[in-house]
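Every chain is numbered from 1 and lettered A, B, ... according to where its sequence line falls, protein lines coming before strand lines.
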Amino acid sequence: MLNIKSHLSQLLVEALNVVAPDALGTSIELTRPKQESHGDFSCNIAMQLAKPLQRKPREVAKDIVDALPHSPWVEKTEIAGAGFINFFLSSASKQRVVNAILQTGEAYGHAASNGKRMQVEFVSANPTGPLHVGHGRGAAFGASLANVLAAVGYQVAREYYVNDAGRQMDILALSTWLRYLEFNGINVPFPPNAYQGDYVRDMAKIIQDHHGDRYIHEPWRVLDGAPSVEEDADGHLDQLIANAKRLLSEDYAYIHNLALTEQLGDCRNDLTEFGVVFDRWFSEKSLFDSALVERALALLEQNGHLYVQDGATWFRSTQYGDEKDRVVKRENGQFTYFASDIAYHLNKFERGFDELINVWGADHHGYIARVKGALQAMGLDPDKLTIALVQFAVLYRGGEKVSMSTRSGEFVTLRELRSEVGNDAARFFYVLRKSDQHLDFDLDLAKSQSSDNPVYYIQYAHARCCSVLAKWGGAPAMLASVADLAKLAIPYELTLLKRLNDYPETVEMAARELAPHLIAYYLKELAADFHSYYNGEQFLVEDESTRLARLALVLATRQTLKNGLALLGVSAPEKM
RNA sequence: GCGCCCGUAGCUCAGCUGGAUAGAGUACUUGGCUACGAACCAAGGGGUCAGGGGUUCGAAUCCCUUCGGGCGCACCA
């Protein structure tokens, strides 16, 4: 398929070759003018060359236009403003897109494989409780981004990093056990910094149902040696964890594992229902089991990037622009989260991906320097890793900010949101704005206004297309061969054709900028063009050739809407 | 205090590597169903692009600065 933009670009190169051979290195920019009167494409090359050539921009423009080879796709060119060269395309060049879409179908807008493997790691929330609406944004963004990257030709691996090895999991296991004791009338005060959510009680209930009083221990043993909560809340918790491990012995692993399995399973189901699926769930614990953490640190050690101070082992991240050096192994001998993350990234590189993307909450931005520093210190190329930051969604209920903390159990879950506004609206709403922009999520508004959500505007356009084609009753597959596209010449149609032409480039840009919201905005505009057309013209007209041409355009519009919605994980219903 | 992100219509937000008269949605005011689905369309009012300076043919966009918000600055994850 001939790409109009690159075609124009080629014409300009040939013209430049005549007018200013020395300036061939100048990049040629072709943009879509905002104003229709400025043509279909506009080029500012003459203004860029004016200075080096020491000539007036409009004169340069005139020479370039005179030197442009003739093209059947270009109807006319003109020089405008300060020296813009505007291209007006022939109708025929715009009409061709319909056939292109009908021939490629679901692949329209998708590029062929570029042979590169890319990994997108996202969500990666601690499996210590249900996903909340903040995670939902990372999930929707990451999933859409992965789809967009796959559409432009990458072989994309979607991965979830499971923090199953840290202190947080121990706290969850402890919390579960304490609730279990509570069920059995054992009175141990539940620490305020343990997990408060009801799901912890649910897990305690499961243990109770399956194992009765097997895990009961006396309160004084549970609390043995623990400082008071007021005195040292974290110390209190850590001592209780230590006591749990000692008292329960191997049974501790059972509770720990049950909590992990339950929460991870819940998380996976939740995401699957949300249309977010992963190729791999990567266990942090496996990094320790395979001694990769030790190996990664040994690598840093041998390159001289580690040192011991105050009993802890530090990574000299300040050498790579970090604010301060970071501990990788604590005084108590335990590795930090950072240590396993270094190992994890080493593992990613060893798997041979060409590019890596980590989707992180924006509160982790201070973490970027040290991770990239560690990569560099291990002799790996930090530029292969891109961090896409997603601002957390801030919830508002009744005009007031809802504070969210998994620990306190006060949060709105993703599941809750999905059931309130639906998967489609939630997916769309999440990616409707730039990812690095704060998202003010007014719950009342999201719930009450669900029918005002722009996603319905787009889905409605799709349903209308389906409805028209159904009313016509013919076989859509034949339209590609029988429609005379030259009949598509009124402004509504030319506008729509132009929009359809823009789709592949929009996908490319969304991939390049890691910005799936561009797809959402494109779809809104495509739907708007279609709705205007629908209201302004009758499709099922008497004249057969006009009718078939219009139906072909409707079919092409439907296909493009569907393709775009698919990238966002939003359904394209035939009826609403 | 230091670092990163942000400030665009009453509200929520777009604005691509600098381009021509800054755009949507919502809200408000009008008009359009005996036509393929009115969950739609058409028209209108609404702006010192936070303030100031700079770079240049040209700045919402790039640089500096002030003000105002958010986030981060652990031997937590």
Taking only residues two or more places apart in sequence or in another chain, which ones pass side chain to side chain donor-acceptor pair (under 3.5 Å) with [X]?
X        : value
A:Gln239 : A:Asn243
A:Ser317 : A:Asp322
A:Glu525 : A:Arg499

If you check the [X] side chain, which of [options] turns out closest?
X        : options             : value
A:Arg464 : B:U21, B:C36, B:G37 : B:G37
A:Asp363 : B:C73, B:C71, B:A77 : B:C71
A:Asn86  : B:A20, B:A42, B:A77 : B:A20
A:Ser532 : B:C36, B:C75, B:C41 : B:C41
A:Gln35  : B:U17, B:G19, B:U21 : B:U21
A:Glu29  : B:U17, B:A77, B:C36 : B:U17
A:His531 : B:C41, B:A77, B:U17 : B:C41
A:Met576 : B:G37, B:C36, B:A20 : B:G37
A:Leu518 : B:G15, B:C40, B:A74 : B:G15

If we call it a pair only when both distances are under 3.5 Å in a Watson-Crick or G-U wobble match, what pairs with [N]?
N     : value
B:C16 : none
B:G25 : B:C11
B:G46 : none
B:G1  : B:C73

Problem set entry | Pairs flagged by salt bridge (charged side-chain N to carboxylate O under 4.0 Å, His left out) wherever residues 506-517 of chain A is involved - sequence neighbours left out | none

Distance below 4.0 Å between [X] side-chain N/O and [N] OP1 or OP2:
X        : N     : result
A:Lys34  : B:A20 : yes
A:Lys324 : B:G3  : no
A:Tyr456 : B:A39 : no

Whole angstrom value for the distance that separates [atom2] of [N] from [atom1] of [X]:
X        : N     : atom1 : atom2 : answer
A:Asp502 : B:A14 : CG    : P     : 20 Å
A:Tyr522 : B:A24 : OH    : C1'   : 16 Å
A:Arg370 : B:G72 : CZ    : P     : 13 Å
A:Asp238 : B:C75 : CG    : P     : 15 Å
A:Gln538 : B:G32 : CD    : P     : 20 Å
A:Phe84  : B:G18 : CZ    : P     : 13 Å
A:Asp164 : B:A77 : CG    : P     : 13 Å
A:Gln334 : B:A74 : CD    : C1'   : 15 Å

Exercise. Among all residues two or more places apart in sequence or in another chain, which pass the ring pair (Phe, Tyr, Trp, His ring centres under 6.0 Å) test with A:Phe41?
Worked result: none

For this session: Can you sort out the partners of A:Tyr344 under ring pair (Phe, Tyr, Trp, His ring centres under 6.0 Å), two or more places apart, ordered by chain and number?
Result: A:Tyr161, A:Phe282

Seminar exercise, completed: Syn within 90° of 0, anti beyond: B:C16 is anti

Identify whether any heavy atom of [X] sits under 4.0 Å from a base atom; if not, whether one sits that close to sugar-phosphate; answer base, sugar-phosphate or nothing.
X        : answer
A:Asp325 : nothing
A:Thr506 : nothing
A:Ala461 : nothing
A:Tyr457 : sugar-phosphate
A:Ala470 : nothing

Seminar exercise, completed: A correct 5'-to-3' footprint of nucleotides 5-13 of chain B, with B, S and - meaning base, sugar-phosphate only and no protein heavy atom under 4.0 Å, is SS-----SS

Problem set entry | Donor-acceptor pair under 3.5 Å, A:Ser42 side chain vs B:A20 base | yes

For this session: Could you tell me whether the side chain of A:His365 has a donor or acceptor atom within less than 3.5 Å of a complementary atom in the base of B:G3?
Result: yes

For this session: State yes or no: are the ring centers of A:Tyr460 and A:His531 separated by less than 6.0 Å?
Result: yes

Salt bridge (charged side-chain N to carboxylate O under 4.0 Å, His left out) partners of [X], counting only residues at least two apart:
X        : result
A:Lys285 : A:Asp289
A:Lys245 : A:Asp170
A:Arg316 : none

Give me the distance, rounded to whole Å, that separates [N] from [M] when you measure between the [atom1] atoms they each carry.
N     : M     : atom1 : value
B:G25 : B:A42 : P     : 9 Å
B:U30 : B:U66 : C1'   : 45 Å
B:C57 : B:G18 : C1'   : 12 Å
B:G15 : B:G7  : P     : 10 Å

Exercise. So which of residues 507-517 of chain A are in contact with RNA chain B, with a heavy-atom cut-off of under 4.0 Å?
Worked result: A:Met509, A:Glu513, A:His517

Problem set entry | Within residues 309-316 of chain A, residues whose heavy atoms come under 4.0 Å of RNA chain B | A:Asp310, A:Ala312, A:Trp314

For [X], I'd like to know if atom [atom1] has over 12 heavy atoms of other residues, nucleotides or ligands within 6.0 Å.
X        : atom1 : answer
A:Glu36  : CD    : no
A:Lys329 : NZ    : no
A:Gln309 : CD    : yes

Problem set entry | Residue whose nearest RNA chain B nucleotide is more 5′ - A:Ala362 or A:Tyr367 | A:Ala362

Problem set entry | Residue mapping more 5' on RNA chain B - nearest nucleotide basis, A:Asn535 or A:Asn44 | A:Asn44

For this session: Scan side-chain atoms only and decide if A:Tyr533 and A:Glu493 contain a donor-acceptor pair under the 3.5 Å cut-off.
Result: yes

Exercise. With no hydrogens and no angle check, do the side chains of A:Ser42 and A:Asn86 hold a donor and an acceptor under 3.5 Å apart?
Worked result: yes

Exercise. Okay, side chain of A:Arg427, backbone of A:Leu568: is any donor-acceptor separation there less than 3.5 Å?
Worked result: yes

